[in-house]
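A short write-up of the structure that comes next.
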Number of protein chains: 4
Amino acid sequence: MQSRSPASRTGRPRSATADAAILAATREALVELGWSKLTLGDVATRAGVAKTTLYRRWAGKNELVVDAVAELFDELELPDRGSLAADIEGVVLQFASILALPEARSGLMAVVAEATRDEALRERIRASVVDRQKRLVLEGRARAQARGELAAEPDPASSARTVDLIFDMVAGAVVHRTLVSAEPADEEWVHSFTGVLLRGLAGEAPPPADV
Amino acid sequence: MQSRSPASRTGRPRSATADAAILAATREALVELGWSKLTLGDVATRAGVAKTTLYRRWAGKNELVVDAVAELFDELELPDRGSLAADIEGVVLQFASILALPEARSGLMAVVAEATRDEALRERIRASVVDRQKRLVLEGRARAQARGELAAEPDPASSARTVDLIFDMVAGAVVHRTLVSAEPADEEWVHSFTGVLLRGLAGEAPPPADV
Amino acid sequence: MQSRSPASRTGRPRSATADAAILAATREALVELGWSKLTLGDVATRAGVAKTTLYRRWAGKNELVVDAVAELFDELELPDRGSLAADIEGVVLQFASILALPEARSGLMAVVAEATRDEALRERIRASVVDRQKRLVLEGRARAQARGELAAEPDPASSARTVDLIFDMVAGAVVHRTLVSAEPADEEWVHSFTGVLLRGLAGEAPPPADV
Amino acid sequence: MQSRSPASRTGRPRSATADAAILAATREALVELGWSKLTLGDVATRAGVAKTTLYRRWAGKNELVVDAVAELFDELELPDRGSLAADIEGVVLQFASILALPEARSGLMAVVAEATRDEALRERIRASVVDRQKRLVLEGRARAQARGELAAEPDPASSARTVDLIFDMVAGAVVHRTLVSAEPADEEWVHSFTGVLLRGLAGEAPPPADV
DNA sequence: GAGTAAACGAGACGGTACGTCAAGTCTTGCG
DNA sequence: CGCAAGACTTGACGTACCGTCTCGTTTACTC
C-alpha cells in the first residue's frame with residue numbers, strides 16, 4: 001500500500017487503525033457521494049482523522065480510491081465447478097457482483113479515466129486490481145487444459161496474448177454491461193455471454209450453412 | 001444537443017458559431033489537459049467566448065464533454081466488406097481508432113464514471129454515443145443474415161438481447177484493451193478478437209481432442 | 001434631466017410615459033432593496049421597459065437614482081409662519097420628513113458617497129437636490145431681515161458664506177440625526193435644534209454664572 | 001474588531017500581520033479606487049493574502065471598510081486649549097482633517113448609506129467611529145462646566161439628549177461641508193461655525209434689534 | 001523513566017475553479 | 001428610428017477544496 005523508508009525506526013509509529021478507518025471512510029463516501037463529490041477533507045472527517053494524516057499516507061484522491069476499491073477484490077477466488085463453462089460463469093458472476101457495489105461503480109471507472117493520463121496510477125491499478133483478476137484467468141485455463149477442455153499452447157508469447165485477449169473480453173464485457181448499458185450482469189446474461197465466449201457467435205445459433 | 005422553447009422567437013438569437021467553437025475548444029482542452037484538469041473557464045477562453053455563454057448552453061462539464069466527444073462518433077459507418085468477419089473487423093477498427101484519440105480516451109471513461117450516479121447523463125450518453133454504434137451492430141447482423149452467415153432470430157425480444165450482448169462484448173473488449181490494458185487495438189488484436197467472437201474460445205486454438 | 005440633440009427630429013419619438021415609469025420603479029426598488037441591491041435590469045423589468053431604453057436615457061445607476069430621489073424634493077416650500085424660529089422649524093421638519101422616506105434614506109447617502117469621486121455627479125446632486133433646499137434658506141433669511149429679526153449683511157461674499165454655513169449646519173444636523181444616529185428628527189428634536197441654532201449653546205441652558 | 005471563541009486554542013493561530021496588511025491595503029484601495037470600485041479580491045492581492053483569509057475575518061466589504069476607516073479615528077484627542085470655543089475649534093479641526101483624507105471620504109459615507117438597511121452595520125459604525133468622537137464632546141463639556149463656561153445639567157436624560165444634539169450638529173455640519181458641499185472645513189470656516197454654535201445665529205451678526 | 005522524534009488533531013494559509021450575478025453593449029424583429 | 005427581448009463580454013462575487021503550513025499534544029521507542 002504505502003511504505004516508509006526502512007531507516008525510520010524512531011518516533012511515534014503510524015496508527016494502524018487510521019489506515020483502515022480511512023479506507024472504510026473512503027468507501028462510505030464513494031457510496032454516498034460518488035467519485036466527483038468525494039473530498040479528502042470529508043473522508044478525513046468521516047475517519048476521525050486530520051487531513052495531514054491522510055496526506056501523509058496517500059498522494060491524492062486517485063491513489064486513495066484505488067486502494068479503497070482494491071480491497072473489494074481481495075475476496076475473488078475460483079472454486080472448481082467441474083467444467084470450463086461453469087468456472088467461467090462462476091468467476092464472471094463474482095466479478096459482476098463486485099461491480100454491482102456502488103463504491104466500486106463510482107470509483108473504478110473514474111480512476112481508470114484518470115489513469116489514461118497517469119502512468120503511475122495505471123500501474124497501481126494494474127497491480128492492485130487487474131492482476132488480481134487476471135490470475136483467475138490463468139488458473140482457469142490451466143485447469144481447463146488439465147481437464148482436456150483446452151489444448152496447451154506451447155508458445156509462451158502467444159499464450160500470454162491469448163490470456164490478455166480473454167481477459168479484455170471478459171472484464172470488458174462485464175464492465176460495459178454494468179456501467180455503460182447499466183443493466184445487471186445476472187445469471188442469465190452471464191450464461192449467454194459464456195456461451196458466445198466459448199462457442200462463438202456462429203455456434204450460438206443453429207450452425208451456419210458452411211463457413 | 002440543446003434546444004430552446006420553440007416559442008422563443010424574439011430577442012437576439014444564439015450565436016451558431018459559438019457552439020462549434022466551444023465544442024472544438026473542449027476537445028482541444030481534453031487533449032492537452034485531460035478530463036480532470038479541464039475547466040470550463042479555460043474552455044470558454046479557448047473558444048473566445050464568455051463563461052456565461054457556455055453555461056447558457058450546457059449545464060456543466062459532463063454534458064459539455066459528452067457532446068464534444070459524441071461528435072467524434074459521427075463518422076462511424078459500416079462499409080460492406082463481403083463477409084461477417086471482415087465487417088466486424090472493419091467496424092471494430094474504426095471504433096478502436098476513435099478510442100485511440102486522446103480527446104476520446106480522456107473524456108469518455110470519465111463521463112461514463114459520472115453517469116453511474118446520474119441517470120440523465122447516462123441517457124445522454126446512450127443517445128449520442130452508444131446508440132450510434134449499436135446501429136452498426138444491427139446493420140451488420142442484418143447483412144450477415146442476408147448473406148446466410150447467420151440464422152434469422154424470429155423472437156424479437158431474444159433478438160434484442162443478443163444484439164445488446166454482442167454490443168457489450170465488442171465495445172467492452174475494445175474499451176478495456178485500450179483504456180485499462182493500455183495496449184493498442186491494432187489489426188492483429190482485432191483479428192484475434194474477431195476469431196474468438198465468431199468461433200469461440202475452443203474454436204480459436206487447434207480443435208481440442210474430443211469434448 | 002437628459003436631452004437629445006436638437007437635430008434629431010426623425011424616427012419614433014421617445015415614450016414620455018417610460019421616463020415616469022422608470023423613475024417610479026427606481027424609487028420602488030430603492031424602498032424594497034436599497035441602493036446596493038438595486039439593479040438596472042430589475043428597474044427596467046419593474047417599469048415594463050427594456051434595459052436599452054433605460055440606458056438610452058441615463059448613463060448609469062448613480063444618475064438614475066439622483067433623478068429619482070430629486071423628485072422627492074420638488075414639494076419643498078417655505079410657508080410664512082410668522083417668525084424666524086417657526087420658519088426654520090417648519091422647513092427642517094419638511095426636510096426631515098423627506099429623509100424619513102426609505103427611498104431617500106437608501107439612495108441619497110449612497111450617491112453622495114459616489115459623488116466624492118465624481119465631479120459631474122456632485123454637480124448633478126447640487127443642481128437637483130441641494131440648490132432646491134438652499135433656496136429656502138435664502139428665502140427664509142430675506143423674510144427674517146424684512147421682519148427685523150436679522151440684520152442685513154451688506155457684503156455679498158460674506159453673505160454667501162453665511163448662507164452656506166447655515167445650510168451645512170441645518171442639512172448636516174438633520175442628515176446626521178436621521179442616518180447616522182438613526183433617531184427620528186421629530187418636533188421635539190427640531191425645537192431643541194432650532195434653539196441652539198438661533199441662540200447658541202450658551203443661550204440654550206440657563207445663563208452661566210459669568211463669562 | 002473580530003474575535004474568535006476564547007476556547008479555540010487549537011490549530012494554527014491566525015496571522016497577526018495579515019490583519020494589519022489587509023486593513024492597510026483596504027485604505028490604499030479606497031484612496032486609489034474609491035468605495036464602489038474597491039473589490040475584495042483586489043484588497044487581498046494588495047495585502048499579499050488569499051481571498052479566503054480575508055473572508056475568514058470579515059463578513060464583507062462593509063465590515064472591512066468600517067474597520068479600515070475606524071483606525072483613522074484612533075488618534076483623535078482633545079488637548080486643553082483653555083476655553084470652550086478653542087476646545088471646540090480644536091476638535092472640529094481634527095475631525096475635519098480626517099474627513100479630508102480620501103480614504104475616509106470615499107468610505108465613510110458609503111458605509112453610512114449601507115447602514116441605513118443594516119442594523120448590525122450601524123451598530124458597528126457607532127461603536128468604532130461615532131462613540132470614539134462622542135467621547136470628546138462629553139469630555140469637552142465636562143471641562144467647560146469645570147471652567148464655569150457651561151452650567152451643569154442636573155437631569156441625566158436631558159443631559160444625554162443635549163450631548164446627542166450637539167454631536168449631531170457638529171459632526172453633521174463638518175460632514176456636510178466636506179462631502180456634500182465639497183468645500184474644505186478650514187480654520188476660517190471652523191471659526192465661523194463655532195461662533196454660531198456657541199452664540200447662535202442672532203449673536204453672530206451685529207446684535208439684532210430685540211428678540 | 002527521561003529524552004526525543006515522529007505522528008497526530010486542529011485549523012489557518014495561498015491558491016484555483018466554481019457557478020452566479022449584474023453591468024453595459026449588441027443583434028434580432030416588430031411597430 | 002424607438003422599442004422589447006434576450007444573447008453577448010466582462011469582471012466581481014462568495015464558496016468549496018486543494019495541498020501545505022504551523023501550532024500544541026500524544027505516543028512509542030531508546031538510552
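Throughout, a chain's letter reflects where its sequence line sits, starting with A, and its residues are numbered from 1.
- Among all heavy-atom pairs drawn from Met109(C) and Ala113(D), the shortest one is CB-CB, 3.5 Å.
- In this structure, CG of Asp19(D) is placed 12 Å from P of dA12(E), rounded to the nearest angstrom.
- Closest to the side chain of Thr10(D), from the set dC8(F), dG9(E), dC3(F), is dG9(E).
- Nucleotide dA4(F) holds its C1' atom 13 Å from the CZ atom of Arg57(C), rounded to whole Å.
- In the set dA5(F), dC13(E), dG24(E), dC13(E) carries the atom at the smallest distance from any side-chain atom of Arg56(D).
- Between the CH2 atom of Trp35(B) and the C1' atom of dA17(E) there is a distance of 14 Å, given to the nearest Å.
- If you take CD of Glu63(A) and P of dC18(F), they are 13 Å apart, rounded to a whole angstrom.
- Going from atom CZ of Arg14(D) over to atom P of dG14(E) covers 12 Å, rounded to whole Å.
- With sequence neighbours excluded, the residues forming a side-chain contact (heavy atoms from CB on, under 4.5 Å) with Ala29(A) are Leu33(A), Leu38(A), Asp42(A), Val43(A), Arg46(A), listed by chain and number.
- Here Gly48(A) lies in heavy-atom contact (under 4.0 Å) with sugar-phosphate atoms only.
- Position along DNA chain E of the nearest nucleotide to Thr53(A) versus Tyr55(C) favours Thr53(A) as the more 5'-ward residue.
- Here the CG atom belonging to Leu40(A) is positioned 4.0 Å from the OH atom belonging to Tyr55(A), to the nearest 0.5 angstrom.
- In this structure, CG of Leu33(D) is placed 14 Å from C1' of dG11(F), rounded to the nearest angstrom.
- On a pure distance criterion of 3.5 Å, no polar donor-acceptor pair joins the side chain of Arg12(B) and the base of dC8(F).
- Position along DNA chain F of the nearest nucleotide to Gly41(D) versus Ala18(B) favours Ala18(B) as the more 5'-ward residue.
- Rounding to the nearest 0.5 angstrom, the gap separating the CZ atom in Arg57(A) from the OG1 atom in Thr52(A) is 10.0 Å.
- Side-chain proximity of Ala50(D) to dT9(F), dG6(F), dG14(E): nearest is dG14(E).
- Of the residues listed (Asn62(B), Asp67(B), Asp118(B)), the one engaging Arg124(B) in a side-chain hydrogen bond (donor to acceptor under 3.5 Å, both in side chains) is Asp67(B), and it is the only one.
- One cannot find a donor-acceptor pair under 3.5 Å joining the base of dG9(E) and the side-chain atoms of Lys51(A).
- Following rounding to the nearest Å, Asp42(A) (CG) and dA16(F) (P) show an atom-to-atom distance of 13 Å.
- Among the heavy atoms of the strands lying under 4.0 Å from Thr52(B) is at least one base atom, whether or not backbone atoms are also near.
- A residue-by-residue look at Lys37(C) and Ser15(A) shows that Ser15(A) has its nearest nucleotide of DNA chain E further toward the 5' end.
- Contacts with DNA chain F (heavy atom under 4.0 Å) in residues 105-114 of chain A: none are found.
- Atom OG of residue Ser36(A) and atom CH2 of residue Trp35(B) lie 8.0 Å apart, to the nearest 0.5 angstrom.
- For Arg27(C), the salt bridge (charged side-chain N to carboxylate O under 4.0 Å, His left out) partners two or more places apart in sequence, or in a different chain, are Glu71(C).
- Summarising the geometry, the separation between CG on Leu54(B) and P on dA7(F) is reported as 15 Å, rounded to the nearest angstrom.
- By the 4.5 Å heavy-atom criterion applied to side chains, Leu64(D) and Leu23(D) are counted as neighbours.
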